[in-house]
Number of protein chains: 4
Amino acid sequence: MQRNWFLGDLLDQLFERPGKKRGKDDKRSISELCEALLSAEGEVSGFALASTILDRYQTLDDPEKLDFFAYLNDQLELDADLLSETARHYAEYRSVDLYKKLSEAAEPKRQELLRRLNQPSGATQELVATRVDLLRFLKSNPELKRTDVDFVHLLRSWFNRGFLVLKQISWDTPARVLDKIVAHEAVHQIHDLDDLRRRLFPPDRRCFAFFHPSMPDEPLIFVEVALTTEIPNAIDVLLSEVREPIEPEQATIAAFYSISNCQRGLTGISFGNLLIKQVVTELSRELPGLDTFVTLSPIPGVNRWLAGETGHPEHGHAAEAVLAGTAPPQDVRAMAARYLLLAKREDGMPLDPVARFHLGNGAELHELHAGADPSQNGRSQSGGAMVNYLYDLKKTERNHEEFVAHATIETSRSVRAASTAVLAARPEENPA
Amino acid sequence: MQRNWFLGDLLDQLFERPGKKRGKDDKRSISELCEALLSAEGEVSGFALASTILDRYQTLDDPEKLDFFAYLNDQLELDADLLSETARHYAEYRSVDLYKKLSEAAEPKRQELLRRLNQPSGATQELVATRVDLLRFLKSNPELKRTDVDFVHLLRSWFNRGFLVLKQISWDTPARVLDKIVAHEAVHQIHDLDDLRRRLFPPDRRCFAFFHPSMPDEPLIFVEVALTTEIPNAIDVLLSEVREPIEPEQATIAAFYSISNCQRGLTGISFGNLLIKQVVTELSRELPGLDTFVTLSPIPGVNRWLAGETGHPEHGHAAEAVLAGTAPPQDVRAMAARYLLLAKREDGMPLDPVARFHLGNGAELHELHAGADPSQNGRSQSGGAMVNYLYDLKKTERNHEEFVAHATIETSRSVRAASTAVLAARPEENPA
Amino acid sequence: MQRNWFLGDLLDQLFERPGKKRGKDDKRSISELCEALLSAEGEVSGFALASTILDRYQTLDDPEKLDFFAYLNDQLELDADLLSETARHYAEYRSVDLYKKLSEAAEPKRQELLRRLNQPSGATQELVATRVDLLRFLKSNPELKRTDVDFVHLLRSWFNRGFLVLKQISWDTPARVLDKIVAHEAVHQIHDLDDLRRRLFPPDRRCFAFFHPSMPDEPLIFVEVALTTEIPNAIDVLLSEVREPIEPEQATIAAFYSISNCQRGLTGISFGNLLIKQVVTELSRELPGLDTFVTLSPIPGVNRWLAGETGHPEHGHAAEAVLAGTAPPQDVRAMAARYLLLAKREDGMPLDPVARFHLGNGAELHELHAGADPSQNGRSQSGGAMVNYLYDLKKTERNHEEFVAHATIETSRSVRAASTAVLAARPEENPA
Amino acid sequence: MQRNWFLGDLLDQLFERPGKKRGKDDKRSISELCEALLSAEGEVSGFALASTILDRYQTLDDPEKLDFFAYLNDQLELDADLLSETARHYAEYRSVDLYKKLSEAAEPKRQELLRRLNQPSGATQELVATRVDLLRFLKSNPELKRTDVDFVHLLRSWFNRGFLVLKQISWDTPARVLDKIVAHEAVHQIHDLDDLRRRLFPPDRRCFAFFHPSMPDEPLIFVEVALTTEIPNAIDVLLSEVREPIEPEQATIAAFYSISNCQRGLTGISFGNLLIKQVVTELSRELPGLDTFVTLSPIPGVNRWLAGETGHPEHGHAAEAVLAGTAPPQDVRAMAARYLLLAKREDGMPLDPVARFHLGNGAELHELHAGADPSQNGRSQSGGAMVNYLYDLKKTERNHEEFVAHATIETSRSVRAASTAVLAARPEENPA
């Protein structure tokens, strides 16, 4: 409790940038500025130069940005011949000096440039935003992926788990941060702050996010949790405006009903697994009465998959019926179960991305619910079906290993039964 | 916890390690644990495994630690043949896929291991401490320098300037942090907290340090500043117990009289240049009346150099006299000036490490003072002489460039004159 | 900057009340509990007893609350005979012992009760809420005003200016506090948080509030400020959704366009004067370019007053025309000026409460604007007219004294001219 | 300033006083300034006037201060005749208006003056310091006690328990606050910060203090606690430099071994009872393994009392022996027990002030230890004896009531036995 005094404003200054627009009068081009930053000038005036470059970048239009990335990609490339040669020497002699040279040769100059650009306050956030641009260009300029490899390399180091901080998001959180939650909710849309209030204010709701000290206004990823006494079988039950909240101490179940990434610029740097684990730990500490941690998750790919399964004799008429929205609940569950258990990618992993995420974390398939998400989006994705993944911390590690090694999906009896349930007869087969 | 929530305790949890000793019952060896951390198990249970390894490391004795570093050095080495080959291919084809492979091949597994070890709260600090051990072993095990190259690579990324935070250290700072200041003062010893009070409590004294958000109790480097109306010519004037402090608003000069690194484990990751620059900025903002920023610095290598200069005709008897403590003040200054201006390393840079630091930052040689440090240490290092380096922010960049490119030392007229002053006649030459 | 470490969570605990409902099982009535609190039991178990009483109060219905106040009013009344007698003795002997007795006799027991009730965390806020009930009952139970006198006495002591804290309210403020701003805005309604964003988010808007350390979620009073380059002549200009904000450094004028009390329970304890003064000081410090501090204020009583002035020959047809909404702008201004300058209470003070507030603070009548508040409320109160009061800190003290002593209203030439302007001729008198 | 805004720096500004010396050029005397503060001028410029007065007070010498207090005492006295008359009327008519008048008449103007003086930041602390002066003058000017009655009245209201904040004092506390702990330790002297470290740094030591939000650097009262596994029987065991600390979780006993008031200016406003209660609550929450809360307390008055008991036949030779330092331990305990149980004030309460404090809080006499405080002070006060008072929260209320009503001292069998133990025979009665 005493500890945090110093941290109070430890980071304040990270976010003050003295003058807004720096180096306006520097006539050099952005690549010349980058060269300067990488030179001796950069050693003594790196802070100012980096600020100038970051500000200059803001003023670029798309073609100019593309030029800038091409510069990083081509001019600040590593010397592969030198690297190959140095590695060969090193392989022979294993000397420390050669290792140093190898280490230098193995890193393209753009990495050092990015590190030097990261000197001013707020720079990390700007570099993450820069990568959003880069990702945008990748489609039409796939060769820039080389530069993206280096971005990812550095960002993984900077956003190392040891530097992330889990924070509860609540109604005591500054509005500036809450705005980001509203903006980035990816699963069940939040319309505005007054809508968000329903998910933060009641005593039986929780929200947690990871933050990085250098970007304290910017959640990286967040998860929304409902404290309940029953495993939730429909999203509306959780988000209803009229429900009566329970006292947190009465809850036995923590239901994770939404998990959203906030930073497109951190695509490929994964936090979700860690977030869920840590929130489970945090909630267990606060509320010892909790004994079950489940999700209520979408099944985004069922209908897309079903569209390719129509006419398949195994499913009878069920695929068509689910797609048409006319299937009885047990058939919706059956087809969802088949999708989750049987639909695979080429590498043998489940086709469903949400399933891959939770099963990869070591969770297990626990229960399926038809009609659980009646929103337009829910119906078109999965005929309204949702699924509970269960996090049993005693089993996650083994589950994860089985899943990674053999693509084994730990599945409850109920879901397994659903997948093999007798489907409803085709209507026309019904005796008139 | 919610209440003063935001930056307030943003980082608290970084420093709570749930159970002190984790994974005590895990029977695997530390290298087996490391293999596990690098495997699939590490992906889902990395946090716990990393904690176990860090705790296990604490229990190792020196030979076991050496084994551990040898394991890192040899078993987690990169595959130089593969790297060479991949680089060769890449040089030929420049494909993104090859670049990815190259990027992976170029990084030894120990880097990934260190990043995964950095997951638990407090891990960063433990890894920095681990490097202190490594540095200790380097002398007798120079081959471990390869591993140290990777440590440095990661630490430079983690302790990137953008992540550091400048904090004022004052009498409002927690005693826990002040203890570190007492312990790490490297220039003018501080005996205890009551001694430190003299450097922090008076209104005309300042102290600033860089911190890293993951190690909030641990200053990385700090500088002590005296606000004065005259450029200080002796250390005792600054540290005197009986002096009358001035109001900060009266001060025109900020004198940096001590700068100390606190983290041996961060040797080679330089913060000093940045610290001085930022403190100058900070103080200028707080006290617009300040117009001069100087140091009062030791000249650690004079006497060592003079010992090799005795008998040199250029110096007459002065070298011997300074070493004997019998030289008149002007000769002490003269010899110090010659040392600073003329004594060079092989690469043409000044022999004096403090001079290299400040001149490398773009400061200039401003004034020399005989009898400025009458302590035992001061007399044996430099015959009691000290020097002011002047930071003129309008000139630091140019000075730095000249210094780096041509080893040019920007020098005041006064110091230049001192270096060429007529030395005192040899005593025996005096007419009886 | 360092100072606030300790305060960080200094007050956290003030707001944690261990168990929510305390003393549930205590069978005593609330008045018996109060007697116990005032007795020896209260000395050792005051904290618990006070909690029990405060919780019990929450469960009372209106008749029970009335009983409780009657108990305070009658049973915990002072002994006037004893007081009279003691005062008489004291007048004669002036001894310290008699003064002590007098001091005790002069205070009704309910004051000590309220002080003891104020022991638990959060109690202050609950006592303020209790006074809201009391004020509600006063109308039908005017004798309870005696108890209210004591409430006011204590609250003035507890909410002494020295204990209040000025805080900026911004988009970095917790949503919980922002909710209170939305709820309590009394002048220009705020619809919801997204509406509030327009008043807090732009760089040229400010909001400040006073807080009491014991009620950190509860603003006591707040003022909204627009930073502009011209004295605003209409509210819509300030609240427009489409305007382009200016940089704060460009502003020369700070316009206070809304000031609202938040705590009905603190009625009669005035903070507004202090708030404006301190905000002027704060803004001057932050933005030295500001040279003018004005309000844009409503004139709530014009139309009510005009209703009694219709037919008065002095005003020609203007009173009717303003009330009918058909008056030309100059007549709206003329009638507003006459109202502000001439309409008086029995004690000679202006009839308009907003005028009394600002003129009492030492401000002066600066300018009148017809059509400045086109809202339903604005038109029905004042025919849409608004007024600028100017705070010229060099003159506020003298203005205040003149106003208090002689009801003198410092008035600009423009407003004075408006009050004597020739009114528009009656329409029917126009030559056809 | 906005960033970590909320509680973070909620109170910062309380302690910034814009210009250090205010109103220097105001030529009025301090009493004229006070008159102005009480007048209309005070309503609009109260903040500035109060600052001027507080600064002026700092410049007064003792005779001038005495004049100032005489002014408060005589000129700002209440009108006893008016009060008597008003009370008489009120007794007759009980009207609200008369009650208001009575309420006003009952309060001397100096109370309002003190409240208005309390407006500027930091004023509370200065007023508390002013009372230190007043207390100093009381001895020679007992008539000033009237003014002191009003000081106490206000301070009790301002330092109401609801406004106090319990904070742990630890090695993470700012040195500025730790200095106050060193300075105010009243029981077992602390020499300097390095000495204090022994009481704060080890994991089995705790220190808690009450603070007032307006004086965040100033602890009001603090208590030092040792976490142990046995009830401590000597102070050296607790303060030893060489002991091995235990893990807090192992502790079953919390021993309060020192409690000290820090603010002479708050003499007569009692916090100790509340502090102990709240620390017991706090520690119970943190460490559920604690089951016993005791003190290790001095017995300051034994020897003074024994000096009057020499020759008393009941005690045989024991009184003399204890005073001479030659008594065997059981006799030291016996005499201490007799003192605590039998030595009374005129009002029947124990003579010993520490006993009155703890027994008044509802604690019980638990155990006596000879040779427990071998310091000079300990030996001269009590022949080295110390005592444990036991706080059994289930019994404190009843104990308190019995103690208050009947001066009953709840006593353990052991202490009772000690009081009646057979004393050592007089040496000369020993058979040779």
Side-chain angles (χ1 to χ4, degrees), chain C residues 3-14 40-41 44-45 47 80-81 83-84 87-88 90-91 96 99-100 103 106 115 118-120 123-124 142-143 145-146 149 153-154 157-158 160-163 165-168 170 172-174 211 213-214 216 273 277 361-362 396-397 400-401 404, chain D residues 1-3 5-15 40-41 44-45 47 80-81 83-84 87-88 90-91 96 99-100 103 106 115 118-120 123-124 142-143 145-146 149 153-154 157-158 160-163 165-167 174 177 211 213-214 216 273 277 361-362 396-397 400-401 404-405:
Chain C
R3 276 312 181 95
N4 61 343
W5 85 275
F6 204 60
L7 301 169
D9 55 342
L10 187 63
L11 299 168
D12 263 16
Q13 51 193 138
L14 278 177
E41 184 185 344
V44 70
S45 303
F47 200 91
D81 290 321
L83 176 57
S84 172
R88 213 176 45 71
Y90 176 68
V96 168
Y99 188 72
K100 271 185 202 164
S103 190
R115 269 195 299 267
N118 194 32
Q119 292 182 63
T124 311
E143 74 284 0
K145 276 183 190 155
R146 300 206 313 270
V149 166
H153 182 83
L154 274 175
S157 204
W158 292 346
N160 198 294
R161 173 62 192 94
F163 302 136
V165 182
L166 183 74
K167 289 295 301 174
Q168 189 173 347
S170 77
D172 288 300
T173 301
F211 288 83
S214 298
N273 165 20
K277 294 264 171 70
N361 292 343
T396 46
E397 190 178 318
H400 165 80
E401 282 175 16
V404 168
Chain D
M1 139 181 185
Q2 207 86 341
R3 286 295 170 138
W5 89 294
F6 217 62
L7 286 165
D9 57 344
L10 187 61
L11 300 168
D12 260 16
Q13 48 192 141
L14 279 176
F15 315 109
E41 185 186 343
V44 71
S45 303
F47 200 92
D81 290 321
L83 175 56
S84 172
R88 212 175 47 70
Y90 176 68
V96 168
Y99 189 72
K100 272 185 201 164
S103 190
R115 269 196 298 268
N118 193 33
Q119 291 181 66
T124 310
E143 74 284 1
K145 277 182 190 155
R146 298 205 315 270
V149 165
H153 182 84
L154 273 176
S157 203
W158 291 347
N160 197 295
R161 171 61 191 92
F163 301 136
V165 182
L166 182 75
K167 288 295 300 175
V177 175
F211 287 82
S214 297
N273 166 20
K277 293 266 170 69
N361 291 343
T396 46
E397 190 178 320
H400 165 80
E401 282 175 16
V404 168

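Model, not experiment: these values are computed from the prediction.
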- [ ] Could you look at C:Thr124 and say if it's the side chain, the backbone, both or neither that has a heavy atom under 4.5 Å from chain D?
- [x]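 Answer is side chain: those atoms of C:Thr124 sit under 4.5 Å from chain D.
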Open item on the list: Quick check on C:Asp81 against chain D: is it the side chain, the backbone, both or neither that has a heavy atom closer than 4.5 Å?
Closed with: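 For C:Asp81, the contact with chain D is made by backbone and side chain together.
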Task: Largest heavy-atom contact set with chain D, pairs under 4.5 Å, which of C:Arg146, C:Lys100, C:Lys145 - done: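 Heavy-atom pairs under 4.5 Å are most numerous for C:Arg146.
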- [ ] Run the numbers on D:His153 and D:Val149 for side chain to side chain contact (heavy atoms under 4.5 Å, CB included), then give the verdict.
- [x] CA-CA 6 Å; D:His153 182 84; D:Val149 165; 5.6 Å; no
Open item on the list: Assess the residue pair C:Lys277 and D:Phe47 against the criterion (side chain to side chain contact (heavy atoms under 4.5 Å, CB included)); give the C-alpha distance rounded to whole Å, side-chain angles, the decisive distance to 0.1 Å, and a yes or no.
Closed with: CA-CA 10 Å; C:Lys277 294 264 171 70; D:Phe47 200 92; over 6 Å; no
Task: chain C contacts, top residue of D:Leu83, D:Leu154, D:Asn160 (heavy-atom pairs, under 4.5 Å) - done: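 Greatest number of close heavy-atom pairs with chain C: D:Asn160.
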Task: From OG1 (C:Thr396) to CD (C:Glu401), nearest 0.5 Å - done: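 Atom-to-atom, C:Thr396:OG1 and C:Glu401:CD are 10.0 Å apart.
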- [ ] Can you sort out the partners of C:Arg115 under salt bridge (charged side-chain N to carboxylate O under 4.0 Å, His left out), two or more places apart, ordered by chain and number?
- [x]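 C:Glu107, C:Glu112.
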Task: Which portion of D:Asn118 sits near chain C, non-hydrogen atoms under 4.5 angstrom - done: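 Both parts, heavy atoms under 4.5 Å.
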- [ ] Fit a plane to each ring of C:Trp158 and D:Phe163, take the angle between them on a 0 to 90° scale, and name the class: parallel (under 30°), tilted (30 to 60°) or perpendicular (over 60°).
- [x]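 Judged by the thresholds at 30° and 60°, the geometry between C:Trp158 and D:Phe163 is perpendicular.
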